[in-house]
Protein chains: 2
Amino acid sequence: MVSSIAELISDRIGTMPAGERRAAQALIASYPLIGLKTVAEFSATAGVSSPTILRFVARLGFQNYPEFQSTLQDELAAQLQSPASRTLNPPSPGSSAVSPMLEATLDNMRETFRHLSDKQLADIVAKLADRRGKTFLIGGRFTDPLARYMAAHLAIIQPNVFHLGGQESVWRDRLIDMGKRDVLVIFDIRRYQDSLVRFAETANQRGVQIVLFTDQWLSPIARFARHVIAGRTAVPSAWDSSAALFVVAEALIGAVTRQLEADGAKRIRELESLR
Amino acid sequence: MVSSIAELISDRIGTMPAGERRAAQALIASYPLIGLKTVAEFSATAGVSSPTILRFVARLGFQNYPEFQSTLQDELAAQLQSPASRTLNPPSPGSSAVSPMLEATLDNMRETFRHLSDKQLADIVAKLADRRGKTFLIGGRFTDPLARYMAAHLAIIQPNVFHLGGQESVWRDRLIDMGKRDVLVIFDIRRYQDSLVRFAETANQRGVQIVLFTDQWLSPIARFARHVIAGRTAVPSAWDSSAALFVVAEALIGAVTRQLEADGAKRIRELESLR
DNA sequence: CAAAATACGTAACATACGATACAGCGCTCC
DNA sequence: GGAGCGCTGTATCGTATGTTACGTATTTTG
């Protein structure tokens, strides 16, 4: 038995032609609201023609469009009247292999932030928003993308932000550029990489302030780090999860942006005028 | 300022004639669902005539019935998309500056997964774990790190996984390598990049199956995509959040790994012995 | 109590919405 | 390479829907 139209769609989306699949995806993306609008609006949002929408609902087993809409409304009524069903994901008895993953991730984030004080974050933000020094970012095998992600944002709102990528020998040589006023943001989770540890140690000796993103068992780099962010990584998977660290990174990016705006940084105003 | 139609009604219900008051009560009783149905149905449920309904919505300040319905739908959309506003956020003791960011992110993830069916994910996993074809990953300005992150993991558990980076001209030429059996995983959120759209279009013409990670407004690439994952990106920040997409990516990585283990892939056993 | 004003429903109307027929196109399979 | 099939969009049609006009009922006011 199929309980919701959403399930019905995901059951049959594989067997649908391209146009109808676009209709299905548009419906799922903002479920179920476009389904309540007119065929014309639905077709416009999905980028197909009206008949395709009608064929789509016909394929789902409905006699006509109004019948389809009524079903959607009934579904919505049930949902709105029992808020419990919202929090508890469609129970999907037996399956839902990803749900435990999601739950664990959400828990990880809550735990991660619970152990982070506002003071600590504020200090890091202040340091990152301090435009007198340079900012370098680097990560390990799996976490380097996080460093890139953060660098991509920070580099826009302020100058002198550099992601250290490529071969080890390349970024090792960049140590020459680093001094007391600079910040090095390092991402390092298990298994901790020796090359990164050595790099951090040298940087530390040069007086560079290190901000470390690591897991709850703390990379050895924590010994040299000025600020340590310990994210929870445990999930029911063969891999560790970096999602919590990712969210902290995003929170920092947002906070630094706000800080620079508050500082009235000329660059921010220029950026806005460019857009 | 009146935020919802429900408030508007309770403000004015005192000044309404009997018939319209019955209409108002009927609407409030199962808010806002009858308002989305036709005037005829509305009038029948309320026990009044159609014109009375129209006079009722006119009194609320709407020019016509469709305008009234649109407003109701917008209201509903806002409600459904930010469950936070429904639960009336607990002030979160201490009221930290990053807490709203965290809350929004958690909501985004729950919402994103609520719109994702197990079936849909299972299809994608099956395709990604299919070792007959190659897997290419690419992302936009801010999302390319996500592509890298996913590629870093997938490349370990199976051969023929390629991240497309560097200059546009470089990865454009890689189109030659792509064929019907291959998968292209694209990350593209606002503002959608023309270069990526063109790339996706060409790849699609070559028969490549496209898995798209995008935001809830759907990149134009959705037109060519076989599978679309629409993540929520709204957070109280100057930037959009990719955290929800990141978590989906991690979930997929985990699921693909499990799938390959189940398939008894020789490579996995070899890997384990190497560790 | 009478007269006026307001409210309500019936019925006719016009719009726009959903439905259908048909032609063009691409794709697959001989 | 050609024939057949299936998918998609354009254009047209019928109809359900929202809208309005008008007559009757009901309440209000002097």
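Chain letters run A, B, ... following the sequence lines, proteins first, then strands; residues in each count from 1. Basis for what follows: all heavy atoms, side chains included, without hydrogens, waters or symmetry-related copies.
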| field | Least distance between heavy atoms, B/Glu168 atom then B/Arg198 atom | value | OE2-NH2, 3.5 Å
| note | Residues A/Thr105 and A/Ala243: closest non-hydrogen pair is CG2-CB, 3.7 Å
| Parallel under 30°, tilted from 30 to 60°, perpendicular over 60°: which one fits the rings of B/Phe62 and B/Phe68? | perpendicular
| Thinking salt bridges, do B/Glu261 and B/Arg258 make one under a 4.0 Å N-O criterion? | no
| message | Tell me every residue that passes salt bridge (charged side-chain N to carboxylate O under 4.0 Å, His left out) with B/Lys127, counting only those two or more places apart in sequence or in another chain. | response | none
| request: With sequence neighbours excluded, tell me which residues meet salt bridge (charged side-chain N to carboxylate O under 4.0 Å, His left out) with B/Arg174. | output: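 Listed in chain order: B/Asp177.
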| Which pairs pass side-chain hydrogen bond (donor to acceptor under 3.5 Å, both in side chains) with one or both residues in residues 56-71 of chain A, sequence neighbours excluded? |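 Every side-chain hydrogen bond (donor to acceptor under 3.5 Å, both in side chains) pair that includes a residue of residues 56-71 of chain A, provided the two are not neighbours, is A/Glu20-A/Arg59.
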| request: Give every residue pair that meets the salt bridge (charged side-chain N to carboxylate O under 4.0 Å, His left out) criterion with at least one member in residues 27-42 of chain B, sequence neighbours excluded. | output: none
| request: Tell me, please, the opening and closing nucleotides of DNA chain D, 5' to 3', among those with an atom under 4.0 angstrom from a non-hydrogen atom of chain B. | output: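 On DNA chain D, the outermost contacted nucleotides are D/dT17 to D/dT20.
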| query | Pick the nucleotide of DNA chain C nearest each of A/Ala40 and B/Arg22; which residue has the one closer to the 5' end? | reply | B/Arg22
I'd like a table of atom pairs between the protein and nucleotides 3-5 of chain C - only N or O on both sides, under 3.5 Å - with the distance next to each one.
none

Between [N] ([atom2]) and [X] ([atom1]): distance, integer Å:
X	N	atom1	atom2	result
B/Glu20	C/dT6	CD	P	14 Å
B/Gln205	C/dG26	CD	C1'	13 Å
A/Phe42	C/dA19	CZ	P	13 Å

| Proximity to DNA chain D (any heavy atom under 4.0 Å), residues of residues 50-64 of chain A only |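 Listed by number, they are A/Pro51, A/Thr52, A/Arg55.
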| request: Just jot down the side chain to side chain contact (heavy atoms under 4.5 Å, CB included) partners of B/Glu201, sequence neighbours excluded, or say none. | output: B/Gln205, B/Phe224
| What residues, two or more places apart in sequence or in another chain, satisfy side chain to side chain contact (heavy atoms under 4.5 Å, CB included) together with B/Ser237? |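 Expected list: B/Met101, B/Val235, B/Trp239.
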| Do B/Tyr149 and A/Phe142 pass the ring pair (Phe, Tyr, Trp, His ring centres under 6.0 Å) test, and can you show the C-alpha distance, the side-chain angles, and the key distance before you say yes or no? | CA-CA 6 Å; B/Tyr149 185 80; A/Phe142 296 123; 7.2 Å; no
| message | Rounding to 10°, can you tell me the angle the first-five-pair axis of the helix from C/dC1-D/dG30 to C/dC30-D/dG1 makes with its last-five-pair axis? | response |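 The two end axes of the helix from C/dC1-D/dG30 to C/dC30-D/dG1 meet at 30°.
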| request: Would you give the length of the straight line joining atom CD1 of A/Ile13 to atom CG of A/Leu8, rounded to the nearest 0.5 angstrom? | output: 11.0 Å
| request: Would you kindly say whether B/Asp215 and B/Tyr192 are connected by a side-chain donor-acceptor distance under 3.5 Å? | output: yes
| task | For the pair B/Lys134 and B/Phe136, evaluate side chain to side chain contact (heavy atoms under 4.5 Å, CB included) and give the outcome as yes or no after the intermediate values. | result | CA-CA 7 Å; B/Lys134 299 187 284 293; B/Phe136 298 91; 3.8 Å; yes
Name every donor-acceptor pair, under 3.5 Å, that has one atom in a side chain of residues 47-56 of chain B and the other anywhere in the protein, sequence neighbours excluded.
unit_1, atom_1, unit_2, atom_2, d
B/Ser49, OG, B/Thr52, OG1, 3.2

Output one line per pair: protein atom, nucleotide atom from nucleotides 27-30 of chain C, and distance, for all N/O pairs under 3.5 Å.
none

